[in-house]
Undergrad: 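Input: one structure, supplied below.
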Number of protein chains: 2
Amino acid sequence: MKAQDPAGGPPRPGTSTPRRGRRGGTTGSREDILEAARMLFAEHGFEGTSLRQVARAAGVDPGMIHHFFTGKDELFALSVELPADPEQVLAGVADTDPATRAELIVRTVLRLWESPAQAGLLAFLRGTIGSKAKTALLREIVARRVISRIMASVPGTPEEVALRGSLVATQVVGLMMVRYVVRLEPLASAAPEDVVRLTAPNVQRYLTGPLGQEPI
Amino acid sequence: MKAQDPAGGPPRPGTSTPRRGRRGGTTGSREDILEAARMLFAEHGFEGTSLRQVARAAGVDPGMIHHFFTGKDELFALSVELPADPEQVLAGVADTDPATRAELIVRTVLRLWESPAQAGLLAFLRGTIGSKAKTALLREIVARRVISRIMASVPGTPEEVALRGSLVATQVVGLMMVRYVVRLEPLASAAPEDVVRLTAPNVQRYLTGPLGQEPI
DNA sequence: CAGCTAATTCATCACCTGATGAATTACAAG
DNA sequence: CTTGTAATTCATCAGGTGATGAATTAGCTG
């Protein structure tokens with residue numbers, strides 16, 4: 001994020017008049033805009049972020065945004081689109097033994113959220129949960145692309161597997177919310193290894209464990 | 001909610017001119033505004049809801065909002081404030097035996113969310129998660145007022161109890177998100193009894209069960 | 001060099017936002 | 001009836017919003 005360019009800033013709009021026209025060299029303005037948008041959407045959601053804020057954070061004229069993107073919607077979609085799509089992230093999960101799959105699931109979720117994709121994921125969640133209309137999109141993604149992979153070859157009737165899938169979602173979504181969105185301590189700063197050890201058993205119970213009785 | 005008056009055009013000055021001045025009888029405009037605000041904040045979050053939308057949905061002139069409330073912030077705070085504060089909702093939870101408390105916790109959460117408070121809770125979540133600044137408020141509420149009650153008299157070192165508390169939050173928050181916000185099926189329409197039976201064991205494990213090993 | 005294309009700034013538009021203040025009307029108390 | 005107070009509408013403000021189009025400049029291709 002090469003935002004405000006403190007030192008020798010030629011594009012300082014306050015001081016040395018930033019004359020018009022193309023700049024020399026490779027000015028990655030498009031990427032700067034995307035990066036600034038990702039940060040701001042992650043902090044304030046879709047409606048809480050204005051294009052002028054994005055332009056300012058990117059050190060760029062507001063008009064540039066409309067030069068590179070058709071509008072705010074496209075900017076949001078491109079800046080926030082999942083850096084790795086579910087199919088790719090979950091590759092391999094479907095191949096493991098369901099009886100020991102929970103650990104891999106939690107590990108995959110943690111690896112994804114500890115990666116640079118975190119800002120985009122936060123932005124996606126913030127922009128998506130803030131509006132009822134957009135939660136439908138989130139629901140479709142989770143239902144059709146994530147859960148189907150996670151529940152592959154889990155034994156049981158289709159109804160039972162679907163129920164187990166939404167229960168798994170319960171634990172995984174809760175982990176993401178508490179650790180990365182609300183950042184509740186001490187879980188927010190716990191070591192990933194510990195998080196796996198602590199939560200995977202419950203995920204495993206939802207996956208293949210007994211549902212109608214006490215597990216202990 | 002006497003909303004948008006679908007048949008005849010609302011702003012038709014030809015027909016039923018809404019002349020100025022006070023209306024006859026008891027017109028609960030203040031309550032109408034609060035109710036409409038609750039609905040809209042729940043659907044579109046804080047920034048995604050304009051005062052003019054609220055006024056239209058309440059069948060009221062936009063100026064009324066500023067007559068009854070000092071501004072958008074106060075309207076949000078009053079319309080969305082938790083209908084029952086955590087102390088009251090969780091009364092009794094702290095008195096039960098920790099070894100069997102999970103069922104009561106899940107039951108309490110479900111009862112709260114199935115009640116009329118749901119709209120307010122949704123609004124609170126939507127308005128709160130959409131902004132990084134406001135999630136701090138949510139974090140404080142959860143940490144100081146909710147978890148402390150839930151974890152009362154749970155045995156263990158303070159560090160361990162705090163960790164168990166955030167793990168409980170994991171499962172409870174995930175349940176709320178999946179069932180009431182994202183509305184993922186089949187969990188979204190499952191009977192409360194079934195939800196209790198399915199999720200309480202995992203909550204109980206976080207509360208008092210073994211953490212470092214497989215629970216089954 | 002000329003000519004094209006892309007990057008950048010600027011001025012501006014139409015609209016929506018939250019907010020204010022005055023004018024009008026009803027109800028209640030004296 | 002008079003007076004005051006609260007409820008309601010209206011007109012309007014200053015500012016922010018997303019978006020458009022023209023003007024300017026740089027780099028690339030021939």
Side-chain angles (χ1 to χ4, degrees), chain A residues 2 5 9-34 36-37 40-41 44-79 127, chain B residues 2 5 9-34 36-37 40-41 44-79 127 130-131:
Chain A
K2 53 184 80 168
D5 186 14
R12 270 302 301 277
T15 54
S16 61
T17 344
R19 67 215 189 286
R20 283 191 184 178
R22 188 169 189 160
R23 296 288 163 274
T26 48
T27 61
S29 295
R30 207 188 113 104
E31 281 64 32
D32 291 350
I33 293 174
L34 283 173
L40 289 172
F41 283 139
H44 309 111
F46 181 80
E47 340 249 5
T49 302
S50 77
L51 293 187
R52 286 168 166 85
Q53 284 178 46
V54 173
R56 208 178 318 127
V60 142
D61 186 275
M64 298 235 56
I65 297 183
H66 286 90
H67 180 253
F68 287 117
F69 312 96
T70 65
K72 192 180 183 181
D73 286 328
E74 181 177 299
L75 175 64
F76 181 77
L78 290 182
S79 71
Chain B
K2 51 185 77 170
D5 182 17
R12 271 300 303 277
T15 55
S16 65
T17 337
R19 67 215 189 288
R20 281 194 187 177
R22 189 170 188 161
R23 296 288 163 275
T26 48
T27 62
S29 295
R30 207 188 114 102
E31 281 64 33
D32 291 350
I33 292 174
L34 283 172
L40 288 171
F41 283 138
H44 309 110
F46 181 80
E47 339 250 5
T49 302
S50 77
L51 294 187
R52 286 167 167 83
Q53 284 176 47
V54 173
R56 210 178 316 127
V60 143
D61 186 274
M64 297 234 56
I65 297 184
H66 284 91
H67 180 253
F68 287 117
F69 312 96
T70 66
K72 192 181 184 181
D73 286 328
E74 180 178 299
L75 175 63
F76 182 78
L78 290 182
S79 71
S131 136

Undergrad: To the nearest Å, how far apart are B/Met64 CE and C/dA26 P?
TA: 15 Å
Undergrad: Given atom CD1 of A/Ile65 and atom C1' of D/dT17, what is their separation to the nearest angstrom?
TA: 12 Å
Undergrad: Scan nucleotides 16-20 of chain C against the protein and return all N/O pairs shorter than 3.5 Å with their distances rounded to 0.1 Å.
TA:
| residue | atom | partner | partner atom | Å |
| --- | --- | --- | --- | --- |
| C/dT17 | OP1 | B/Ser50 | OG | 3.2 |
| C/dG18 | OP1 | B/Leu51 | N | 3.4 |
| C/dG18 | OP1 | B/Lys72 | NZ | 2.9 |
| C/dG18 | OP2 | B/Leu51 | N | 2.8 |
| C/dG18 | N7 | B/Arg52 | NH1 | 2.6 |
| C/dG18 | O6 | B/Arg52 | NH2 | 3.0 |
| C/dA19 | OP2 | B/His66 | NE2 | 2.9 |
| C/dA19 | OP2 | B/Lys72 | N | 3.1 |
| C/dA19 | O5' | B/His66 | NE2 | 3.2 |

Undergrad: Starting from C1' on C/dA7, measure out to CZ on A/Arg30 and report it in whole angstrom.
TA: 13 Å
Undergrad: Could you pull out the closest heavy-atom pair between A/Phe68 and A/Ser29, with the gap in Å?
TA: CE1-CB, 4.1 Å
Undergrad: Are side-chain heavy atoms of A/Leu51 and A/His66 found at a separation under 4.5 Å?
TA: yes
Undergrad: Of the nucleotides D/dT9, C/dT9, C/dA6, which one has an atom closest to the side chain of A/His67?
TA: C/dA6
Undergrad: For A/His44, enumerate each residue passing the side chain to side chain contact (heavy atoms under 4.5 Å, CB included) test, keeping only those at least two apart in sequence or located in another chain.
TA: A/Leu40, A/Thr49, A/Gln53
Undergrad: List the atom of B/Phe41, the atom of B/Ser79, and the distance in Å for their closest heavy-atom pair.
TA: CD1-OG, 3.6 Å
Undergrad: I need the NE2-C1' distance between A/His44 and D/dG16, as an integer number of Å.
TA: 16 Å
Undergrad: Give the rounded distance in Å between these two atoms: CG of A/Asp61 and C1' of D/dT24.
TA: 13 Å
Undergrad: Do A/Lys72 and A/Val54 make a side-chain contact, defined as non-hydrogen atoms from C-beta onward lying under 4.5 Å apart?
TA: no
Undergrad: I want to check something: taking the side chain as every heavy atom from C-beta on, are A/Glu47 and B/Phe46 in contact at a cut-off of under 4.5 Å?
TA: no
